[in-house]
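Report on the structure given below.
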Number of protein chains: 2
Amino acid sequence: MREELREDEYELLARLAQRYYVDERTQEEIAREFALSRPKVQRLLDRARRCGVVAIHVQAPPWLRLELESQLREIFGLSDAIVCSARADPLAEREAVAQRAARYLERRLHDGCVVAVSHGRAVGEVPRFFRPASRLDVTFVSAMGGSPGVAAPTNPNEICRALAAGCGGEAVSLYAPAYVESVEIRDQLLAQEAIAQSLDRAAQATVALVGIGGTDDGCTMVRSGCLTTDEIAWLRSQGAVGDVLGNYVDIDGRSVASPHQDRLLALTVDHLRRVETVVAVVSEPEKPRAILGMLRAGVIGVLVVDEGNARAVLDLASHEPAMAGRAGGGPRPFPREV
Amino acid sequence: MREELREDEYELLARLAQRYYVDERTQEEIAREFALSRPKVQRLLDRARRCGVVAIHVQAPPWLRLELESQLREIFGLSDAIVCSARADPLAEREAVAQRAARYLERRLHDGCVVAVSHGRAVGEVPRFFRPASRLDVTFVSAMGGSPGVAAPTNPNEICRALAAGCGGEAVSLYAPAYVESVEIRDQLLAQEAIAQSLDRAAQATVALVGIGGTDDGCTMVRSGCLTTDEIAWLRSQGAVGDVLGNYVDIDGRSVASPHQDRLLALTVDHLRRVETVVAVVSEPEKPRAILGMLRAGVIGVLVVDEGNARAVLDLASHEPAMAGRAGGGPRPFPREV
DNA sequence: TGCAACCGTGAGCAAATGCTCACCGACGCA
DNA sequence: TGCGTCGGTGAGCATTTGCTCACGGTTGCA
């Protein structure tokens, strides 16, 4: 990499680099000037960069964490990562994350897009900041039923409505609970035309906006009544670290079957895999293991996250390398195929 | 140029620049990522550079004066300029300049080249450092006759011989004095086959290696007996500031007819103009006005010079802008055409 | 001294880049 | 309200760049 240079080599590289980067000559002009072949000039310029003779520095605004973002992208193969700089106030931090997610959607969405939306506290904040410059003909569809046990603004239907209002688009609600008592009832509901259609729309989305849940006793799935504390404890014992839309994974990204799996009305991991861009929005602290598991599951395409979680995830990943066997098959609580 | 940026613009530019320059994505990938058109990405990257969001710094070795070189190139339209950092010892400085000139020749010359060579103290030092890696089939031809009054190593014939020895090439001497008593004698000499042939070869050179003379009483032309102190004083009174091969110019680069003009055996300015690359080597202090005049005359293609002169020339040029009317025609002491 | 492996080289091609141009929509002015 | 102007936009093309590959020269080893 950063091999040593003799004095005259150093001089030549510096001269070439000066001519190319500062004086903006073409490689061919420089080749003629220095009586070298063009490919050789190219190789020398490469070397100049590798050896640090040319330093390209991006003077980023102080609030950006481009380095962290690059690492996340690289390590987990994300198509994008957005890290919000840390703030003292957790509420302000969640707002900041939601705002960046909103900005991302504004530039990502265009007329005709269909967006599947999950529940979640951070996701629930996104609509407040979602104000595209011009009207967008976008359809927001619930990717999960509603839960009476959680505050209205974190319910998918409500989030869809608010997002649609923000851009002049359409909201498609899923008129069903997130969770029912038995498999039979779930199947009856899925047989309903309105419900089946909504879930179908969601499954065909090109973008999904999801939160990542944890496995502590106060996680959203417990608070919303989908799971009992016993059930979440059992999931923890199975190695589960987090979920998206009720689909639990362990720290290595492998699916973990949950007791309520086939009583949920939500998109499955397999549905999500078919979605072009799955945007995960997370800001609560104590989520790094959940995030790491989901990232390893390979479902997430874009991660919008606070600085603390980002650092913690990268730190975890470097200390706990993923095991060989990854995600793959696993149970499919929502059996409809697209 | 360095327009102001809004916060979010700044962020976008920094993100793009990071992706492009640090992560080495293509503009097209970035365009897709950010949902922009490729040309727009390009324009934004341009802006990022203009606004200093990306800083490309060439970490040049401390002994290089790339900035001065660029300025010389730009202002005087040189194809190259090489500036040697200042040294306390004038002798060491001259050697350094000669060494850089030798390096330049080593990379510029290739088999089949013909090099016309003038007299001069700095030029005379070049052969000592001229050691191409491999044998070069190059012909060195005197561009001027010899003068018994000056030390052998600064006579063109001797320089040619030494250069040829350095690379295994050929030396073509001009067996004539630089200067004769009358026009008639000059014409008689020019009628000699040997002399005419040599000068013809010199006129057809692709490279010329010349010194730049001054107009003080101790200049080479006076020391070599070509001019008397009265004559040089008269030239000064006519505005002459310096010469190449006895062709004098004023500070604006216009030719100044000299009393000995048609008694010299040397290439004229018009001959030099037809040479592809005229390399001037100068190191003596007190030469800036001479250099400035010759640069403005537009004869020089490559200037190898010490730092002091380089700075002084640039300084002079910025304080004494050239006048409208430039060089051009003027008298032609050596009437043979190529 | 001969042979083989290797580094460095330049030709040629495919991709990326910079640039020109015609167009569109916003804004200002009548 | 209509018209003209102007900044910004993306299509298309010419140029520049990066890369692959086959070759030659040199070096190390037998």
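Note that these values count all heavy atoms, side chains included, but never hydrogens, waters or copies made by symmetry. The chains referred to below are lettered A, B, ... by the order of the sequence lines, with proteins before strands, and numbering in each begins at 1.
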Taking the side chain as C-beta and beyond, is there a heavy-atom pair between A:V282 and A:V97 under 4.5 Å?
->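 Of all side-chain heavy-atom pairs linking A:V97 with A:V282, none is under 4.5 Å.
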Would you say the side chain of A:I291 lies within less than 4.5 Å of the side chain of A:L303, judging by non-hydrogen atoms?
-> yes
Quick tally for nucleotides 9-20 of chain D: nucleotides whose base has a protein heavy atom under 4.0 Å get B, sugar-phosphate-only ones S, the rest -, giving BB-B---SBBB-
Once you round it to whole Å, what is the distance between [atom2] of [N] and [atom1] of [X]?
| X | N | atom1 | atom2 | answer |
| --- | --- | --- | --- | --- |
| B:L44 | C:dG18 | CG | C1' | 15 Å |
| B:R19 | C:dT17 | CZ | C1' | 19 Å |
| A:L12 | C:dG8 | CG | P | 15 Å |

Axis-to-axis angle between the two ends of the helix from C:dT1-D:dA30 to C:dA30-D:dT1 (five base pairs per end, rounded to 10 degrees) |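 Its terminal axes enclose an angle near 30°.
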Less than 4.0 angstrom from a charged side-chain N to a carboxylate O is my criterion; do [X] and [Y] meet it?
| X | Y | result |
| --- | --- | --- |
| B:E276 | B:R108 | yes |
| A:E28 | A:R19 | no |
| A:R103 | A:E106 | yes |

What's the spacing between A:R49 CZ and B:E24 CD if we round to 0.5 Å?
->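 Answer for the CZ-CD pair, A:R49 versus B:E24, is 6.0 Å.
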How many angstroms lie between atom CZ of B:R65 and atom CD1 of B:I82, to the nearest 0.5 angstrom?
-> 14.5 Å
For the pair B:Y20 and B:T26, evaluate side chain to side chain contact (heavy atoms under 4.5 Å, CB included) and give the outcome as yes or no after the intermediate values.
-> CA-CA 6 Å; B:Y20 188 70; B:T26 68; 5.9 Å; no
